[in-house]
Trainee: 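So that we are looking at the same thing, I have put the structure below in structure tokens.
Being a predicted model, the structure only gives us computed values, none of them experimental.
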Amino acid sequence: LWPWLLASSGLSALVQLVILPFFPDSPSYLLVQKGNEEACRKAIRKLWGEGDHQAEIDDIMKEKLAMTSTKTLRVLEVIKERSLRWQLYMLMTAMTTLQLCGINAIYFYSFEVFHTAKFEEYLIPYVSLGVGLCECLSSILCSTLIDRFGRKVLLWGGYTLMCSVLALLTMTLSLQHQFFWMHYFSVILIFLFVVFYGMGP
């Protein structure tokens, strides 16, 4: 079953490969990058149907003018530019915390935690699959929450809850040999951590 499950991801790639040639090019790409206004109009008609789409073309032209007036910076120029310093710090902080938040450790050690929790050997891959499914579903949920609460609240909330879960997980793993039910609590905490990761960072 597992080889078929892994191979199934190639099915969506195959479908995309077959139908991609029938998709129109992006109107903004055709007008901004290629400079082909006629092809842009044709792509717009294919996407949105017949009608007057001059307002959309005007918007794309404004975007083109804005891009031509903006200077493209190299990496070193971005680092040296004082006006971009704060944005650069924020971006570096967000990316660093994302890498060091502990999700990789959770995925790496979850198999061992499930094994210690006395799950049957054949069930462990399915429980691991459930963890991945939890992350997928929480990411979908996040897309609905981000409009209501904003990115900042979700980041702060996600990281706060993840820190709390990791602290509790450290305790449960330390006490797992003293209380038999601690194993199951650790499994619940792993699922919670993945949910908070999907909803936050």
Trainee: Assigning hydrophobic clusters by single linkage (Ile, Leu, Val, Met, Phe, Trp, Tyr; side-chain heavy-atom cutoff under 4.5 Å), is F193 placed with M171?
Mentor: yes
Trainee: Residues two or more places apart in sequence or in another chain: which of them pass side chain to side chain contact (heavy atoms under 4.5 Å, CB included) with L133?
Mentor: L137
Trainee: Go through the structure and list residues passing side chain to side chain contact (heavy atoms under 4.5 Å, CB included) with V32, not counting sequence neighbours.
Mentor: I60, K64, M67
Trainee: Take the angle between the ring planes of H177 and H183 and call it parallel below 30°, perpendicular above 60°, tilted in between.
Mentor: perpendicular
Trainee: For residues 155-166, which side-chain N or O atoms pair as donor and acceptor with protein atoms under 3.5 Å away, sequence neighbours left out?
Mentor:
from	atom 1	to	atom 2	distance (Å)
Y159	OH	T97	OG1	3.1
Y159	OH	L98	N	3.3
T160	OG1	W156	O	2.6
S164	OG	T160	O	2.9

Trainee: Distance check, rounded to the nearest 0.5 Å: S28 atom OG versus I57 atom CD1?
Mentor: 12.0 Å
Trainee: Hydrophobic side-chain clustering at under 4.5 Å (ILVMFWY, transitive links): who's grouped with Y122? Put none if nobody.
Mentor: L123
Trainee: Rounded to the nearest 0.5 Å, what's the gap from CZ on R82 to CG on L88? Could you check?
Mentor: 13.0 Å
Trainee: Going by side chain to side chain donor-acceptor pair (under 3.5 Å), name the residues that satisfy it together with S174, two or more places apart in sequence or in a different chain.
Mentor: none
Trainee: Taking V113 as the starting point, is it possible to reach F111 by hopping between hydrophobic residues whose side chains are less than 4.5 Å apart?
Mentor: yes
Trainee: My understanding is that only residues two or more places apart in sequence, or in another chain, count here; which of them pass side chain to side chain donor-acceptor pair (under 3.5 Å) with D58?
Mentor: Q54
Trainee: To the closest 0.5 Å, what do you measure between CE (M95) and CG (L91)?
Mentor: 5.5 Å
Trainee: Under 4.5 Å between side-chain heavy atoms, counting indirect links through other Ile/Leu/Val/Met/Phe/Trp/Tyr residues: same cluster for M199 and I146 or not?
Mentor: yes
Trainee: Hey, does F191 have a side-chain heavy atom less than 4.5 Å from the side chain of V195?
Mentor: no
Trainee: State plainly whether one hydrophobic cluster holds both I140 and L129, where clusters connect Ile, Leu, Val, Met, Phe, Trp and Tyr through side-chain heavy atoms under 4.5 angstrom apart.
Mentor: no
Trainee: Would you call N36 and E38 a side-chain contact if the rule is heavy atoms closer than 4.5 Å?
Mentor: yes
Trainee: Can you check whether T144 reaches L141 side chain to side chain, under 4.5 Å on heavy atoms?
Mentor: yes
Trainee: State the CD1-CZ distance between I79 and R74, to the nearest 0.5 angstrom.
Mentor: 13.5 Å
Trainee: Any idea which heavy atoms bring G200 and R151 closest together, and the distance?
Mentor: O-NH1, 3.0 Å
Trainee: What I'd like to find out is whether the side chain of L47 reaches to under 4.5 Å of the side chain of I44, using heavy atoms alone.
Mentor: no
Trainee: Could you pull out all residues at least two apart from E120 that satisfy salt bridge (charged side-chain N to carboxylate O under 4.0 Å, His left out)?
Mentor: none
Trainee: How long is the straight-line distance from NE2 of H115 back to OH of Y109, given to the nearest 0.5 Å?
Mentor: 15.5 Å
Trainee: If Ile, Leu, Val, Met, Phe, Trp and Tyr residues are connected whenever their side-chain heavy atoms lie under 4.5 Å apart, and connections chain through other members, are M61 and L30 in the same group?
Mentor: no
Trainee: Side-chain donor-acceptor pairs under 3.5 Å in residues 7-17, sequence neighbours left out?
Mentor:
from	atom 1	to	atom 2	distance (Å)
S8	OG	L5	O	2.5
S9	OG	L6	O	2.8
S12	OG	S9	O	3.0

Trainee: What's the spacing between Y89 OH and L84 CG if we round to 0.5 Å?
Mentor: 12.0 Å
Trainee: With sequence neighbours excluded, what pairs up with Y107 under the side chain to side chain contact (heavy atoms under 4.5 Å, CB included) test?
Mentor: I103, V131, E135, V194
Trainee: Where do S186 and T172 come nearest, in terms of heavy atoms and distance?
Mentor: OG-OG1, 3.0 Å
Trainee: With sequence neighbours excluded, give me every salt bridge (Lys or Arg N to Asp or Glu O under 4.0 Å) pair touching residues 11-37.
Mentor: E37-R41
Trainee: What pairs with R85 under salt bridge (charged side-chain N to carboxylate O under 4.0 Å, His left out), at least two apart in sequence or on another chain?
Mentor: none
Trainee: Residues in ring-ring contact (aromatic ring centres under 6.0 Å, His included) with F179, at least two apart?
Mentor: W181
Trainee: With a sphere of 6.0 Å drawn around CD of E81, does it hold more than 12 non-hydrogen atoms of other residues, nucleotides or ligands?
Mentor: yes
Trainee: Any idea which heavy atoms bring S138 and G198 closest together, and the distance?
Mentor: OG-CA, 3.3 Å
Trainee: Any idea which heavy atoms bring C40 and P27 closest together, and the distance?
Mentor: SG-O, 3.4 Å
